[in-house]
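The chains referred to below are lettered A, B, ... by the order of the sequence lines, with proteins before strands, and numbering in each begins at 1. Since the model is a prediction, treat every value here as computed from it, not as a measurement.
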Protein chains: 2
Amino acid sequence: MDNTLVSDQSTEQRILEAARRVFVVKGFAGARMQEIADAAGINKALLHYYFRSKEKLFEQIFREAFGRLLPGLAEIFSRPLPFFRKIELFTETYISLVIEQPYLPVFVLSEMHRNPDDFFQKHIQPEMLASIRQIGRQFAEAAQEGLIRPIDPRQLMLNIMSLCVFPFVGRPMLQRMMQVNDTEYQQLMEARRQSVSAFIIQAIQP
Amino acid sequence: MDNTLVSDQSTEQRILEAARRVFVVKGFAGARMQEIADAAGINKALLHYYFRSKEKLFEQIFREAFGRLLPGLAEIFSRPLPFFRKIELFTETYISLVIEQPYLPVFVLSEMHRNPDDFFQKHIQPEMLASIRQIGRQFAEAAQEGLIRPIDPRQLMLNIMSLCVFPFVGRPMLQRMMQVNDTEYQQLMEARRQSVSAFIIQAIQP
DNA sequence: GTCTATAGTTAGATAGAC
DNA sequence: GTCTATCTAACTATAGAC
């Protein structure tokens, strides 16, 4: 792990950044307050001074990570654009987002896995669910109008999410299985910005 | 002596089964030896009697889980079958496998995420890598022969793996986002056995 | 706000009786 | 083989000086 000190920020910011780095790699249970303190270049006691408990510190990190993972994406599907263009824009935006924050998905997924309903109730707003339903309706309409072939809209949604997210979640395994080095893998991810939407669009052509 | 309950299994087997259940949900760091002992209906000390340490017990569970995740799948691509049939067979087999062991992928992925090279060296045999390269070559050939459209074989491999695995890895999130209940989600996974290969095959048509 | 020192808990591992 | 009791280390959290 990268243990470089985070400096020229307020102590609170340094703690948050350090906590992010540690939690995201080790998870809640695996993270140690001492390690976060070291990474922030401060003392353990100060962590509690700023954030009362490990739990509370984690909450803040998780909430923030989760918030970054979806917002603005649903919005794309409400724009007045051709259907296929929306898919292009969505996949490009999503993949770009995750290229910049590659640890986010596996962090959110594995923490959620341990405590699904709890985390979900805490962090998912009803509006988000509404906009997801809205996307589903658009898929269904497109199929009905013959714009795309008949396909269960939920399957289409699963397929799109899978193609965007999994190469990042599964990277430690996939990269080693495919025996490519870091640079090559990053290039593959760059290329996916275009190739994934092409793949999807051909797959749903009538 | 014969104080065993329902279980006609050996103590060792009961421990392994309990450990599997606990590790798979909580991960190595989150799991507690006490919880495993409780789940197995035995004492903490007995865990150490059978498996020296938490580390060793975990090793055994992880090795086994990992072993179940790929084997036999690479073999499909060495059979004398039409190319598209191989893809069908692969996705069907994979999805069926994961339907039966839905916790496997996220367990393997999140543990691997914390310690990639270590785990990889311990658990990946060179033959597996060879057969993966072999699959890659088949993709490349199919593209060259014009059987499928030009596509980077590595991207195709990423796409196939993503479509098969992610809906299981991401289930806690996806299911809640899409607001479907357990039964419906299982039905969706059943349906994917067919629909995923159809999706892929159309996407790579020349 | 930041530190040192320490209290309080928990969890992995071992000793020893049966 | 299985148990109870206990040791030891690690970790979260707090007290109190500066």
So which nucleotide from D:dC3, D:dG1, C:dA13 ends up closest to the side chain of B:Ile42? D:dC3

A:Gln34 has an atom CD; how far is it from atom P of C:dA5, in whole Å? 14 Å

What's the closest nucleotide to the B:Ala45 side chain, out of D:dC3, C:dA13, C:dG1? D:dC3

Does a side-chain N or O from B:Tyr49 land closer than 4.0 Å to OP1 or OP2 of C:dA13, or not? no

Between C:dG1, C:dA15, C:dA13, spot the one nearest the side chain of B:Met33, thanks. C:dA13

Could you tell me the separation between the CG atom of A:Leu57 and the P atom of D:dA13, rounded to a whole number of Å? 10 Å

Test log, rule side chain to side chain contact (heavy atoms under 4.5 Å, CB included), inputs A:Glu88 and A:Ile201: CA-CA 8 Å; A:Glu88 273 174 21; A:Ile201 288 172; 4.0 Å; yes

What does A:Ala31 touch in the nucleic acid at a heavy-atom separation under 4.0 angstrom: a base, only the sugar-phosphate, or nothing? sugar-phosphate

Distance-only, no hydrogens or angles: does the A:Arg21 side chain make a donor-acceptor pair with backbone N or O of A:Glu17 under 3.5 Å? no

A:Leu47 has an atom CG; how far is it from atom C1' of D:dA15, in whole Å? 17 Å

Can you tell me if A:Arg52 uses its side chain to pair, donor with acceptor, with the backbone of A:Leu57 under 3.5 Å? no

Verify the ring-centre separation between B:Phe107 and A:His113: is it less than 6.0 angstrom? no

Integer-rounded Å distance: D:dA13 C1' and A:Leu46 CG: 14 Å

Does a side-chain N or O from B:Thr11 land closer than 4.0 Å to OP1 or OP2 of D:dT2, or not? yes

Which nucleotide sits closest to the side chain of B:Lys44: D:dA13, C:dG12, D:dC3? C:dG12

Answer yes or no: is there a donor N or O on one side and an acceptor on the other, between the side chain of B:Gln202 and the main chain of A:Gln202, under 3.5 Å? yes

Taking for A:Arg32 and for A:Asn43 the nucleotide of DNA chain D with the nearest heavy atom, the one nearer the 5' end belongs to A:Arg32

Whole-Å gap separating C1' (D:dT8) and NE2 (B:His48): 13 Å

Roughly how many Å is it from CZ in A:Arg52 to P in D:dT14, rounded to a whole number? 7 Å

In whole angstrom, give the distance that lies between atom OH of B:Tyr50 and atom P of C:dA13. 18 Å

Length of the CZ-C1' vector between A:Phe28 and D:dC11, whole Å: 12 Å

